[in-house]
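We name chains A, B, ... by the order of the sequence lines, and we start the count at 1 in each one.
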Amino acid sequence: MQRGGEPAAVPKAQDGCEGRAMQQMLETKQQWRDLAVEQLRELAQDDYGLDPAQIDESQLVISTPPEEKLGDLALPLFPFAKVFRSAPPKIAGQLCVRLSAAARERGLGTAETAGGYVNVRLHREQLIAPVLREVLTKEADYGRRRTLSGVRTVVEFSCPNTNKPLHLGHLRNDALGESVSRILNFAGSEVRKVNLINDRGVHICKSMLAYQKFGDGATPESEGVKSDHFVGNYYVRYNEWAAEERDAERQAKDMLQRWEQGDPETIELWERMNRWAIEGIEETYRRTGVGFDAVYRESETYKAGRDEVLKGLERGVFYKSDDGSIWIDLRDINLDQKALLRSDGTSLYLTQDIGTAIQRHKDWPFERMIYVVASEQNYHFKVLFHVLARLGFNWALNLYHLSYGMVNLPEGKMKSREGTVVDADLLLDKLNAMAVNEITSKAREDEVSDLAGTAEKIALGALHYYLLQTSPNKDMVFDPGASLSFNGNTGPYLQYTCARISSIIRKAGSTTGAALMPPESVAEQLTRSEEWQLVKQLAQFPEAVAQAAESLNPAVITTYAYELAKTFSGYYHEVPVLRADTPAQVQSRLALSAAVRQVIANALRLIDVPFLERM
RNA sequence: GCGCCCAUAGCUCAGGGGAUAGAGCAACGGCCUUCUAAGCCGUUGGUCGGAGGUUCGAAUCCUCCUGGGCGCGCCA
């Protein structure tokens with residue numbers, strides 16, 4: 001991002017009325033917070049003779065005790081030692097007395113002290129039934145927020161070249177872009193996913209040239225090769241040929257010139273090969289669940305920035321160098337001078353992005369645009385955003401570069417020259433084969449009914465979870481072996497947890513929403529600590545969504561989902577659902593299990609990991 | 001040389017001012033006549049890269065240092 005403009009600069013809708021009586025945990029926390037502030041101020045006034053206004057509300061935070069037996073919420077009182085001129089444990093003790101009384105009056109729960117903390121124990125019966133009902137009523141919408149309602153967001157991601165197929169790096173980009181889009185949408189924003197296809201330039205001409213020379217009229221069909229790979233093979237062929245043919249580079253440039261001059265034969269070839277490339281890439285998008293609301297092509301936008309640059313020149317935002325090239329001077333903000341138009345008047349990469357951004361805002365006036373692009377381009381976007389700001393576009397202040405780190409292999413960097421680049425399709429095939437292997441080795445082919453389809457979903461789950469569990473800004477190591485193992489903290493583990501719950505629900509014979517609702521006595525039935533823990537975790541999902549949206553970090557969701565699944569797995573092992581003591585208890589545990597499945601499923605959707613009924 | 005980013009268990013990663021720093025993998029030991037063992041439980045493993053500083057309190061914020069990544073084109 002590197003721009004001063006934080007996402008926080010975006011106009012925010014207040015989060016106050018997200019459906020009354022809904023978002024139970026949020027409401028409960030807010031009540032306790034209000035109460036604690038109120039009591040703290042009274043304490044300050046009554047016992048310390050202080051002005052209540054001296055109590056800084058923002059210093060009161062609500063956290064979670066490190067151990068469950070300590071309580072459900074924690075209020076650290078250390079920050080107030082200074083104002084009170086008293087030791088935190090003493091303040092905690094005094095506050096606790098008042099807070100307990102006030103909470104008792106309002107039936108909110110109990111409080112006790114532990115050192116400098118006041119720990120709160122919630123009335124479980126006040127949360128259990130409402131939380132389960134909310135999850136099971138809202139279903140796929142449970143967790144949806146309005147935090148970003150009214151904010152129109154463009155998310156640009158993927159941006160493939162049409163001279164080769166997608167590789168592992170694209171898969172991280174796609175997973176991030178798709179996931180962040182879904183998360184923002186779930187947080188209330190109206191999201192437009194856009195792609196920018198890099199379909200022009202000398203590198204594109206290279207595969208065209210090789211095809212012209214060596215293609216001999218072959219087609220993807222005639223060769224039986226996926227069409228983007230077919231094109232990619234000619235790019236490889238070009239590089240082989242160029243290694244011994246000195247004239248290769250010049251011939252490619254000549255071809256680019258013919259392309260720019262509109263030479264029919266060149267254009268025809270370009271169109272044909274582009275179609276192959278794009279069709280193949282779109283096939284992979286369909287496979288990975290990635291999609292776009294609008295697709296921009298560089299061949300259509302590369303000239304668009306030029307007029308804007310010329311306008312800016314007239315207004316003195318830019319300057320013309322002696323040789324006729326046009327520049328911006330950003331030295332005053334510790335950046336450099338940067339060329340915007342070549343001396344021959346042609347566009348540069350940056351120019352094109354200027355035009356594209358302006359075009360997008362015309363097409364769909366957004367409040368905010370997020371570029372999902374690798375961290376190598378940090379500087380590029382820093383400059384781009386400043387240029388747009390200096391051109392006077394107020395929306396330029398809400399442009400954001402979601403920069404993500406490199407994907408490396410255990411052996412080191414992927415290098416195209418050494419052939420270590422991991423191809424997206426091959427990787428998916430490999431994961432799929434592993435999943436088939438796993439299913440058959442457990443003799444579950446008959447159970448899953450659709451072996452190929454199930455394996456594909458497991459493969460995708462493994463891949464996307466793996467790619468998203470690392471925070472975007474960090475480089476990551478992709479270990480194919482680990483991603484294939486399906487053990488531990490993985491996508492398949494989450495899918496498996498859901499499949500086991502689904503199995504219980506099927507066996508209960510009551511799969512409709514109404515039949516899974518908790519009975520009146522649910523709070524008396526779910527008295528185990530694991531059950532309370534699960535209810536609390538379910539209630540926290542909306543907060544996880546908000547946090548993921550605010551930080552543009554899908555890893556918040558992967559972590560949340562994994563922790564929920566892990567708690568449930570322990571519960572599943574420990575406690576029988578269908579063979580519980582009484583029908584009411586069966587029904588209650590069934591409702592809890594169904595709610596867990598629903599919330600994990602909602603989380604999975606946000607990280608583009610397919611949900612599985614059986615596996 | 002300058003700028004940005006990263007550094008937490010053997011490995012891959014969470015945690016981004018609050019209570020004894022977590023998980024997965026790996027290693028070792030238990031648990032399948034019971035709702036899917038792709039699972040569950042336990043043991044082992046960390047002076048949070050180093051040094052200062054801010055703070056009642058620092059893995060977390062600031063400064064410097066070290067190591068690594070990326071960038072500094074009229075390439076994209």
Side-chain angles (χ1 to χ4, degrees), chain A residues 2 61 63 65-67 70 74 76-82 87-88 114-117 119 159 161 198 200-203 298 302 321 323-327 334-336 338-353 374-380 382 403 405-406 408 410 413 435 438-439 441-442 444 447 458 462 466 469-471 473-479 481-483 485-490 492-497 499-508 551 555-556 558-559 562-563 566 569-580 589-590 593 614-615:
Chain A
Q2 314 351 315
V61 297
S63 59
E67 281 176 81
L70 289 170
L77 291 159
F78 306 96
F80 300 100
K82 198 170 269 175
Y117 295 85
N119 290 327
C159 305
N161 290 342
N198 189 336
R200 65 162 288 279
V202 73
H203 53 297
E298 210 181 292
Y302 80 104
S321 149
D323 59 11
S325 55
I326 296 173
W327 295 71
N334 269 329
L335 301 178
D336 210 342
K338 186 82 186 173
L340 299 174
L341 282 183
R342 292 196 185 91
S343 46
D344 63 6
T346 57
S347 296
L348 290 149
Y349 181 56
L350 189 63
T351 329
Q352 166 219 298
D353 259 343
S375 57
E376 333 171 82
Q377 297 197 32
N378 283 358
Y379 187 76
H380 170 75
K382 216 167 173 174
S403 162
M406 305 281 119
N408 298 315
K413 291 195 59 164
E438 187 77 11
I439 294 166
S441 73
K442 295 183 191 318
R444 292 193 61 81
E447 282 289 334
I458 293 170
Y466 197 96
Q469 75 184 139
T470 300
S471 299
N473 68 324
K474 295 192 180 176
D475 289 354
M476 67 179 290
V477 174
F478 181 85
D479 182 346
S483 82
S485 80
F486 304 152
N487 286 322
N489 186 0
T490 65
Y493 174 81
L494 299 178
Q495 292 171 314
Y496 180 62
T497 306
R500 292 208 291 190
I501 297 173
S502 297
S503 175
I504 294 176
I505 291 171
R506 276 196 302 277
K507 285 185 173 145
S551 57
V556 173
T558 61
T559 302
Y562 176 68
E563 281 169 2
K566 194 169 153 57
S569 292
Y571 177 67
Y572 173 93
H573 182 262
E574 200 63 34
V575 181
V577 173
L578 298 176
R579 274 161 234 191
R589 289 180 179 172
L590 206 50
S593 304
R614 303 164 194 265
M615 66 187 278

5′-ward residue of the pair V61(A)/G201(A) relative to RNA chain B: V61(A)

Closest-nucleotide 5' rank along RNA chain B - winner of E563(A) and S343(A): E563(A)

Does any part of the side chain of [Y], heavy atoms only, come nearer than 4.5 Å to the side chain of [X], both counted from C-beta?
{"X": "R614(A)", "Y": "R506(A)", "answer": "yes"}
{"X": "L578(A)", "Y": "L590(A)", "answer": "yes"}
{"X": "N198(A)", "Y": "C159(A)", "answer": "no"}
{"X": "M406(A)", "Y": "S375(A)", "answer": "yes"}
{"X": "K507(A)", "Y": "S503(A)", "answer": "yes"}
{"X": "D479(A)", "Y": "Y466(A)", "answer": "yes"}

Is the phosphate of [N], meaning OP1 or OP2, less than 4.0 Å from a side-chain N or O of [X]?
{"X": "R342(A)", "N": "rC75(B)", "result": "yes"}
{"X": "S471(A)", "N": "rA14(B)", "result": "yes"}
{"X": "S503(A)", "N": "rU36(B)", "result": "yes"}
{"X": "Y496(A)", "N": "rA38(B)", "result": "yes"}
{"X": "K382(A)", "N": "rC72(B)", "result": "no"}
{"X": "R500(A)", "N": "rA37(B)", "result": "yes"}
{"X": "K474(A)", "N": "rC6(B)", "result": "no"}
{"X": "Y493(A)", "N": "rC40(B)", "result": "yes"}
{"X": "N334(A)", "N": "rG3(B)", "result": "no"}
{"X": "K82(A)", "N": "rC56(B)", "result": "yes"}
{"X": "K338(A)", "N": "rC72(B)", "result": "no"}

What integer number of Å spans the [atom1] atoms of [N] and [M]?
{"N": "rG22(B)", "M": "rC70(B)", "atom1": "P", "answer": "34 Å"}
{"N": "rA23(B)", "M": "rG46(B)", "atom1": "C1'", "answer": "14 Å"}
{"N": "rC11(B)", "M": "rU66(B)", "atom1": "P", "answer": "23 Å"}
{"N": "rC2(B)", "M": "rC48(B)", "atom1": "P", "answer": "30 Å"}
{"N": "rU20(B)", "M": "rU36(B)", "atom1": "C1'", "answer": "37 Å"}
{"N": "rG45(B)", "M": "rA51(B)", "atom1": "P", "answer": "23 Å"}
{"N": "rU44(B)", "M": "rA7(B)", "atom1": "C1'", "answer": "25 Å"}
{"N": "rC40(B)", "M": "rG52(B)", "atom1": "C1'", "answer": "47 Å"}

Describe the nucleic acid contact of [X] in one word from base, sugar-phosphate, nothing, applying a heavy-atom distance below 4.0 Å.
{"X": "L578(A)", "answer": "base"}
{"X": "N408(A)", "answer": "nothing"}
{"X": "A482(A)", "answer": "nothing"}
{"X": "T559(A)", "answer": "sugar-phosphate"}
{"X": "P410(A)", "answer": "nothing"}
{"X": "M476(A)", "answer": "sugar-phosphate"}
{"X": "R579(A)", "answer": "sugar-phosphate"}
{"X": "V477(A)", "answer": "sugar-phosphate"}
{"X": "V556(A)", "answer": "nothing"}

Can you check the [X] [atom1] to [N] [atom2] distance for me, whole Å?
{"X": "F478(A)", "N": "rC25(B)", "atom1": "CZ", "atom2": "P", "result": "17 Å"}
{"X": "E574(A)", "N": "rC31(B)", "atom1": "CD", "atom2": "P", "result": "16 Å"}
{"X": "D336(A)", "N": "rC72(B)", "atom1": "CG", "atom2": "C1'", "result": "8 Å"}
{"X": "E376(A)", "N": "rC6(B)", "atom1": "CD", "atom2": "P", "result": "17 Å"}
{"X": "Y571(A)", "N": "rC41(B)", "atom1": "OH", "atom2": "C1'", "result": "18 Å"}
{"X": "D479(A)", "N": "rC13(B)", "atom1": "CG", "atom2": "P", "result": "10 Å"}
{"X": "Q377(A)", "N": "rA76(B)", "atom1": "CD", "atom2": "C1'", "result": "8 Å"}
{"X": "Y349(A)", "N": "rC72(B)", "atom1": "OH", "atom2": "P", "result": "11 Å"}

Look up atom [atom1] in [X] and atom [atom2] in [Y], then write down how far apart they are to the nearest 0.5 Å.
{"X": "R444(A)", "Y": "I439(A)", "atom1": "CZ", "atom2": "CD1", "answer": "9.0 Å"}
{"X": "R200(A)", "Y": "Y302(A)", "atom1": "CZ", "atom2": "OH", "answer": "5.5 Å"}
{"X": "S403(A)", "Y": "K382(A)", "atom1": "OG", "atom2": "NZ", "answer": "11.0 Å"}

Consider the side chain of [X], meaning its heavy atoms from C-beta on, and name the nucleotide among [options] that approaches it most closely.
{"X": "E438(A)", "options": "rA19(B), rA38(B), rA23(B)", "answer": "rA38(B)"}
{"X": "H573(A)", "options": "rG39(B), rU36(B), rA38(B)", "answer": "rG39(B)"}
{"X": "K507(A)", "options": "rA38(B), rC35(B), rC41(B)", "answer": "rC35(B)"}
{"X": "Y572(A)", "options": "rA23(B), rC35(B), rC75(B)", "answer": "rC35(B)"}
{"X": "H203(A)", "options": "rA76(B), rA38(B), rU36(B)", "answer": "rA76(B)"}
{"X": "N487(A)", "options": "rU12(B), rC25(B), rC35(B)", "answer": "rC25(B)"}
{"X": "K413(A)", "options": "rG69(B), rA76(B), rU36(B)", "answer": "rG69(B)"}
{"X": "D475(A)", "options": "rA38(B), rG69(B), rC40(B)", "answer": "rG69(B)"}

Donor + acceptor pair across side chains of T346(A), D344(A) (<3.5 Å): yes

Side chain N119(A) and base rA19(B) donor-acceptor under 3.5 Å: yes

Base-pair map of RNA chain B as dot-bracket, where | denotes pairing with a different strand and pairs are Watson-Crick or G-U under 3.5 Å: ((((((((.[[[[.)..(...]]]].(((((.......))))).....[[[[[..)....]]]]])))))))....

Syn/anti state for rC48(B) [syn: chi within 90° of 0]: anti

Geometric class of the Y493(A)/Y562(A) ring pair [parallel <30°, tilted 30-60°, perpendicular >60°]: tilted

